[in-house]
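Numbers restart at 1 for each chain; the letters A, B, ... are given by sequence-line order, proteins then strands. Note that this is a predicted model, so its numbers are computed, not measured.
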2 protein chains.
Amino acid sequence: MRLSTRTRYGIRAMLELAENVGRGPLQLRIIARRQDISVKYLDQLMAILKSAGFVRSIRGSKGGYMLAKAPVQIKLSDVFCCLEGPVVTVECTENENYCARAADCVARQVWTQLQEAVMAVLQSITFQDLVDRTKDKKALNYQI
Amino acid sequence: MRLSTRTRYGIRAMLELAENVGRGPLQLRIIARRQDISVKYLDQLMAILKSAGFVRSIRGSKGGYMLAKAPVQIKLSDVFCCLEGPVVTVECTENENYCARAADCVARQVWTQLQEAVMAVLQSITFQDLVDRTKDKKALNYQI
DNA sequence: ATAATATACTACTAATGTCGTAGGAATAAT
DNA sequence: ATTATTCCTACGACATTAGTAGTATATTAT
């Protein structure tokens with residue numbers, strides 16, 4: 001069970017945008033440089049995030065990307081599933097008819113439990129939470 | 001984030017063995033037939049489970065596989081990690097030095113939270129629990 | 001107008017991992 | 001000996017990932 005860079009990069013890019021709220025559009029190359037991601041690859045990830053409605057873009061000079069909603073309104077689970085696909089992908093938990101044993105299958109029960117545990121974490125966190133956490137971390141570091 | 005058939009098959013095979021405790025060795029082809037898995041593929045999975053110490057085998061005619069420990073002593077997390085690798089694989093959660101931003105990275109915090117949530121579920125379930133669940137299910141079905 | 005700066009879009013590719021298939025060797029029971 | 005079983009290694013088809021590359025399009029600045 002591995003987390004793709006697509007998801008990791010995408011969420012880090014969203015976090016950059018969340019921290020940039022109120023300061024106009026942020027350019028791909030800035031995000032890419034700060035997060036150490038290939039510009040061209042990030043380009044494709046932003047296309048996914050845009051078509052999913054999480055970000056909006058401004059083309060041309062002085063353009064860039066912005067969050068489409070307030071950070072407090074975007075849950076981690078939304079973006080995660082958009083990039084990574086369904087959490088803990090097992091056919092049988094989604095498709096009752098995928099397997100004849102589904103009704104009796106205790107393994108299937110476990111996969112469902114896992115799914116719920118992961119979703120509970122991701123649904124409990126918004127991008128605003130992450131922005132706040134970052135501020136806390138930085139404040140702590142200055143103090144030291 | 002996808003669960004491999006390796007893990008799903010492996011755990012289902014272990015469950016068959018757990019339900020067979022006290023009845024001598026169980027043959028690959030029996031497990032494969034009951035769980036609808038390719039014998040040859042399961043063959044390889046059993047090799048992994050054996051070298052990890054979860055099952056032991058008896059070669060030759062009338063041979064087969066048995067659990068190496070009591071079902072109550074085998075946690076799902078043990079077998080899961082053996083087959084699937086570390087839960088929610090992200091380099092930076094294991095390797096502090098993987099990324100320079102690690103100390104300040106809130107994304108990394110989230111991955112750690114996910115990891116812990118998944119492990120908590122898997123560590124709380126033993127194969128004995130699964131055997132019991134199966135019995136409950138069957139009892140319920142007879143009743144209906 | 002023209003140049004510069006950005007996003008938008010499409011196509012391609014190298015590497016990797018998954019999910020098997022295949023064939024035979026070793027071992028034990030009958 | 002024959003049969004049944006695990007054990008071991010090699011191979012292959014397929015899908016996915018993580019990019020690279022090039023071009024088109026939109027907007028701003030000069």
Report summary line: In whole angstroms, the gap separating P of D:dC8 from OH of B:Y41 amounts to 18 Å

Query raised in the report: When the ring planes of B:Y41 and B:Y9 are compared, do they come out parallel, tilted or perpendicular, using 30° and 60° as the limits?
Result: perpendicular

Query raised in the report: Rounded to whole angstroms, how far apart are OH on B:Y65 and C1' on D:dT5?
Result: 9 Å

Query raised in the report: When only distance counts, do a donor and an acceptor, one from the side chain of B:K40 and one from the base of D:dG12, lie under 3.5 Å apart?
Result: no

Requested in this report: Between D:dA18, C:dA8, C:dC19, spot the one nearest the side chain of A:S4, thanks.
Outcome: D:dA18

Report summary line: When rounded to whole Å, the CZ to C1' distance for the pair A:R2 and D:dA15 reads 14 Å

Query raised in the report: Rounded to the Å, how far apart are B:Y9 OH and C:dT18 C1'?
Result: 11 Å

Report summary line: Taken to the nearest whole Å, NZ/B:K50 to P/C:dT27 is 11 Å

Query raised in the report: Roughly, in whole Å, what's the span from CG in B:L42 to P in D:dC8?
Result: 16 Å

Requested in this report: Hey, which sits more toward the 5' end of DNA chain D by its nearest nucleotide, B:D43 or A:Q44?
Outcome: B:D43

Report task. Indicate yes or no: at least one non-hydrogen side-chain atom of A:T93 is less than 4.5 angstrom from one of A:V88. Result -> no

Query raised in the report: What integer distance in Å separates B:I37:CD1 from C:dG20:P?
Result: 9 Å

Report task. May I ask you to say whether B:E19 pairs ionically with B:K135, meaning some side-chain N is under 4.0 Å from a carboxylate O? Result -> no

Query raised in the report: What's the CD1-P distance between A:I48 and D:dT16, to the nearest Å?
Result: 14 Å

Query - Donor-acceptor under 3.5 Å (B:E84 side chain, A:M1 main chain) - result: yes

Query raised in the report: What nucleotide among C:dT21, C:dT7, D:dT17 has an atom nearest to a side-chain atom of A:Q27?
Result: C:dT7

Query raised in the report: Which side-chain hydrogen bond (donor to acceptor under 3.5 Å, both in side chains) pairs, counting each pair once, include a residue from residues 51-61 of chain B, with sequence neighbours left out?
Result: B:K50-B:S57

Report task. Report yes or no: does A:D43 contribute a side-chain atom to a donor-acceptor pair with the main-chain N or O of A:A47 at less than 3.5 Å? Result -> no

Output one line per pair: protein atom, nucleotide atom from nucleotides 27-30 of chain D, and distance, for all N/O pairs under 3.5 Å.
residue, atom, partner, partner atom, Å
D:dT27, O2, A:S61, N, 3.1

Query raised in the report: Looking across every strand, which nucleic acid part, if any, lies under 4.0 Å from A:R56 by heavy atom: base, sugar-phosphate, or nothing?
Result: nothing

Report task. May I ask you to say what A:R8 touches in the nucleic acid, namely base, sugar-phosphate or nothing, with a heavy-atom cut-off under 4.0 Å? Result -> nothing

